[in-house]
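I have placed the structure first, in the form of structure tokens, so that the comments after it can refer back to it.
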There are 2 protein chains.
Amino acid sequence: MAIGRSPSVKDVAASAGVSLGTVSNVMNRPEVVSPATRERVERAMAELGFVRNESARQLRAGTSRTLAYVMLEGSNPFFHDVAAGIEMAAEDSDLSLFICNSNGRSGREEVHLDRLMQQRVQGILITPVDPGARHLADIARRGIPVVIVDRVGESGAFCSVAVDDVLGGRIAVEHLVEQGHSRVAVIGGPESIGQVRERLEGARQVWAELGMKPDDLTYLPTAEMTVAEGRSAGERLAGLPARRRPTAAFCANDLLALGLLQQAIGAGLRIPEELAIVGFDDIEFAAAAAVPLTSVRQPRQELGRAAAGLVLDEATNPAHEHQQLTFVPELVARASTVARPRAY
Amino acid sequence: MAIGRSPSVKDVAASAGVSLGTVSNVMNRPEVVSPATRERVERAMAELGFVRNESARQLRAGTSRTLAYVMLEGSNPFFHDVAAGIEMAAEDSDLSLFICNSNGRSGREEVHLDRLMQQRVQGILITPVDPGARHLADIARRGIPVVIVDRVGESGAFCSVAVDDVLGGRIAVEHLVEQGHSRVAVIGGPESIGQVRERLEGARQVWAELGMKPDDLTYLPTAEMTVAEGRSAGERLAGLPARRRPTAAFCANDLLALGLLQQAIGAGLRIPEELAIVGFDDIEFAAAAAVPLTSVRQPRQELGRAAAGLVLDEATNPAHEHQQLTFVPELVARASTVARPRAY
DNA sequence: GCGTGGGGTTGAAATGTTTCAGCCGTCGAT
DNA sequence: ATCGACGGCTGAAACATTTCAACCCCACGC
């Protein structure tokens, strides 16, 4: 088989003895072409190994059959789960999905967005470094559907999908208090991250409402939301005088919680007796930890799916109105906060 | 700002009072156009908010500025690390990267590949469900560069990049024997996976060479390479009569190892004293486990980078020859096999 | 027999970019 | 003065597809 340039509709048409338009019809409106011709055309396509040229279709159509997700941190499985949800939805609409990763850097984010505009993607889903960034608004102003995932766009200029982070903070700390803890640490940062602020806020709210002493809720800031930072927070925690040391920690995500867990176990602490730990996100590795991690679950795939739904609505429905979808987080209690008799 | 269709080179040309060709030159060969005109054109582009239409470029060029990676299992971070390596390389060549996920199903893999052909991607990197699959060969025959990642294509019809899995099995088991173990389990499966076979093979080789009793190397097959299967393997292990029970396990990947670790710790075993564990891949969560996991490291990002290099070579270099790149795996010893005094 | 309707097919236009041969002046060399 | 070269710019062709008005022919109704 000669491997020249790949055959086009023209070649197929010639080989089947019909016109271009007919070949196109066979692909796009098979019902209008007679069975006999259709069959002939299909055979020709198979023989020549015809493959549609997507760029030509796109050029004609003015838009590509592609969505894009710009994730915030490739190293956090949470975002991959969101991406998986998006991909399912994309698949259902027969669209491709571009997955990009800004790695938390605004510069890379901008580069990706630029490329995506050139690709004329149908819509962009993004967990942005900064939801208020100029370049996001610019894109939306161009008429490209943009949906913020796992953050809430302040301006209302976009749709967004997120969980109620304040509530998430509340149920985490409420759970710890229910388990009898009266000194709790909240670990996360930097505070420039909206989620961190809101989860902390929720924690403080419920702490006050339950009548706990304000000083007994300690906020331990971190520089990032990584396993390593979780470990280092554990060391800081261990350094506190015993009488003031929290007996439980609420971490703003699971990576921090896993790091803290590792450090605590390494230091010989019994979990949850000497230190109880709650994470956030409920990534798969939370359940897989040596001491399975209690975590505030976000419906990760659902988040992605819903976001994709919104972006598609905006792309296709002229009457679309921006909306802010909020999901309800849910506490998944496991051994890192609840001691259970174990079979030995 | 009116949001009609986005402006084209034609609009820019009109606005700047030059011809299409000149606008194109400003973008592609700025040095051939006089500074004055260039400046005028650039201003016009900025004013109109001109964004290149990538599909038109592609149509003209006959190929897209895009690579693709079809990963095997989205739930295994290993593949995301490989993808990250590919993305860096793509970035260096100013290419976009499509990331797809076959989730271990041949059908999805085929759907993805089909789409990628339609997109006229420059090259395809893939960790295939089955390296011998017909559809892979078909694509290569069409002249599209294909590189197999983390598997070796039997036929030599493609380039491939992988680590020496036999060697990986050898160093894992060698390490365990060095640590004084004389009964070892190898956990992994199904055996249809090439890696599993080769890692097991390496384990058996070195076991024999070191003069250990063949019966003391137990192979525990699993149905998948997941955390859950790791746990269940742990239960089977615990069910063996004490005198025959292995004191160490070599798992064919880290997910299995983490599952096993969790099960063992839950059952009250001390690690590594009562059970030593070695994983494979050295994903980030291996180091983050409660008992940090000894693992056979694959240079994950390097794998991706090298694969991208090969695919680009095949795409651009007429004198390209297929090659099978093999990396050397490396043992990273941690607490799951080596007891160290700990500071309490 | 004539008009009508409609199923099936055609041919050309349109999409946005790049490339390339060619054109127009100007400047330097002969 | 003429030629050549060259910098700077133009205009048209080419890429593969989709769409749409137009067309042909046949059957059917009057």
Side-chain angles (χ1 to χ4, degrees), chain A residues 4-42 44-45 48-66 94 114-115 117-122 142, chain B residues 4-42 44-45 48-66 94 96 115 117-122 142:
Chain A
R5 84 190 196 317
S6 68
S8 71
V9 262
K10 201 186 300 184
D11 302 317
V12 174
S15 159
V18 298
S19 79
L20 300 195
T22 301
V23 178
S24 174
N25 282 335
V26 169
M27 295 188 286
N28 302 307
R29 295 184 224 66
E31 68 282 1
V32 310
V33 28
S34 76
T37 347
R38 178 162 69 217
E39 219 264 333
R40 209 145 33 93
V41 171
E42 273 163 356
M45 293 202 297
L48 296 174
F50 170 76
V51 177
R52 255 169 148 133
N53 183 325
E54 185 63 24
S55 16
R57 299 187 76 188
Q58 289 181 17
L59 176 58
R60 182 79 234 271
T63 174
S64 75
R65 310 196 44 71
T66 306
D94 201 37
D114 211 58
R115 229 207 277 288
M117 301 202 55
Q118 298 190 12
Q119 310 262 11
R120 299 291 193 273
V121 293
Q122 288 227 337
R142 279 201 152 80
Chain B
R5 86 191 196 316
S6 67
S8 71
V9 259
K10 201 185 299 185
D11 302 318
V12 174
S15 161
V18 297
S19 79
L20 301 196
T22 301
V23 177
S24 175
N25 282 335
V26 168
M27 295 188 287
N28 302 307
R29 294 184 225 67
E31 69 281 2
V32 310
V33 29
S34 76
T37 347
R38 178 163 69 215
E39 220 266 332
R40 209 143 36 92
V41 171
E42 274 162 355
M45 295 201 298
L48 296 175
F50 169 77
V51 178
R52 254 171 150 132
N53 184 325
E54 185 63 24
S55 12
R57 300 186 76 189
Q58 287 181 18
L59 176 58
R60 183 78 233 274
T63 174
S64 74
R65 310 194 46 70
T66 306
D94 202 38
S96 301
R115 227 206 278 288
M117 300 202 56
Q118 296 191 13
Q119 310 262 9
R120 300 290 194 274
V121 293
Q122 289 229 336
R142 277 200 153 80

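Dashed line: the shortest gap from a side-chain N or O of Arg60(A) to OP1 or OP2 of dA14(C) is not under 4.0 Å.
When all heavy atoms of Leu48(B) and Pro7(B) are compared, the pair lying nearest together is O-CG, 3.3 Å. Of all the heavy atoms in Arg142(B) and Phe50(A), the pair that sits closest is NH2-N, 4.3 Å. Considering every non-hydrogen atom in both Leu59(A) and Ala56(B), the closest pair reads CD1-CB, 3.8 Å. Between Leu20(A) and Lys10(A) the shortest heavy-atom distance is CD2-CA, 3.5 Å. Nearest heavy-atom pair across Thr63(A) and Arg120(A) is OG1-O, 3.5 Å.
Of the candidate nucleotides dT17(C), dT17(D), dG11(D), dT17(C) has the atom lying nearest to any side-chain atom of Ala56(B). Nearest to the side-chain atoms of Ser19(A) among the listed nucleotides dG11(D), dT17(D), dT10(C) stands dT10(C). Taking every side-chain heavy atom of Arg57(B) into account, dT17(C) is the closest of dT10(C), dT18(D), dT17(C).
Here the C1' atom of nucleotide dA13(C) and the CG atom of Leu59(A) are 13 Å apart, to the nearest Å. The distance between atom CZ of Arg52(A) and atom P of dA16(D), rounded to the nearest whole Å, is 15 Å. Regarding Lys10(B), its NZ atom lies at a distance of 11 Å from the C1' atom of dT17(C), rounded to whole Å. The CG-P distance, from Leu20(A) to dT15(C), rounds to 18 Å in whole Å. dT15(C) atom P lies 18 Å from atom CG of Asn53(A), rounded to whole Å. Atom CG of Asp11(A) is separated from atom P of dC15(D) by 10 Å (rounded to the nearest Å). Here the P atom of nucleotide dA16(D) and the CE atom of Met45(A) are 17 Å apart, to the nearest Å. To the nearest angstrom, C1' of dG16(C) lies 9 Å from CZ of Arg120(A).
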Could you please spell out the steps behind the side chain to side chain contact (heavy atoms under 4.5 Å, CB included) verdict for Met45(B) and Arg52(B)? CA-CA 10 Å; Met45(B) 295 201 298; Arg52(B) 254 171 150 132; over 6 Å; no
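Side chain of Arg38(A) to main chain of Val26(A): no donor-acceptor pair is present (N/O by atom type, distance under 3.5 Å, no hydrogens or angles).
Computed from C1' positions of five pairs at each end, the angle between the two local axes of the helix from dG1(C)-dC30(D) to dT30(C)-dA1(D) equals 60°, rounded to 10 degrees.
Rounded to the nearest 0.5 Å, atoms OG (Ser24(B)) and CZ (Arg57(B)) are 8.5 Å apart. Distance check, rounded to the nearest 0.5 Å: CD of Glu54(A) to OG of Ser64(A) gives 7.5 Å.
A heavy atom closer than 4.0 Å to some atom of DNA chain D occurs in Gly21(A), Ser24(A), Met27(A), Asn28(A), Arg29(A), these being the qualifying members of residues 21-40 of chain A.
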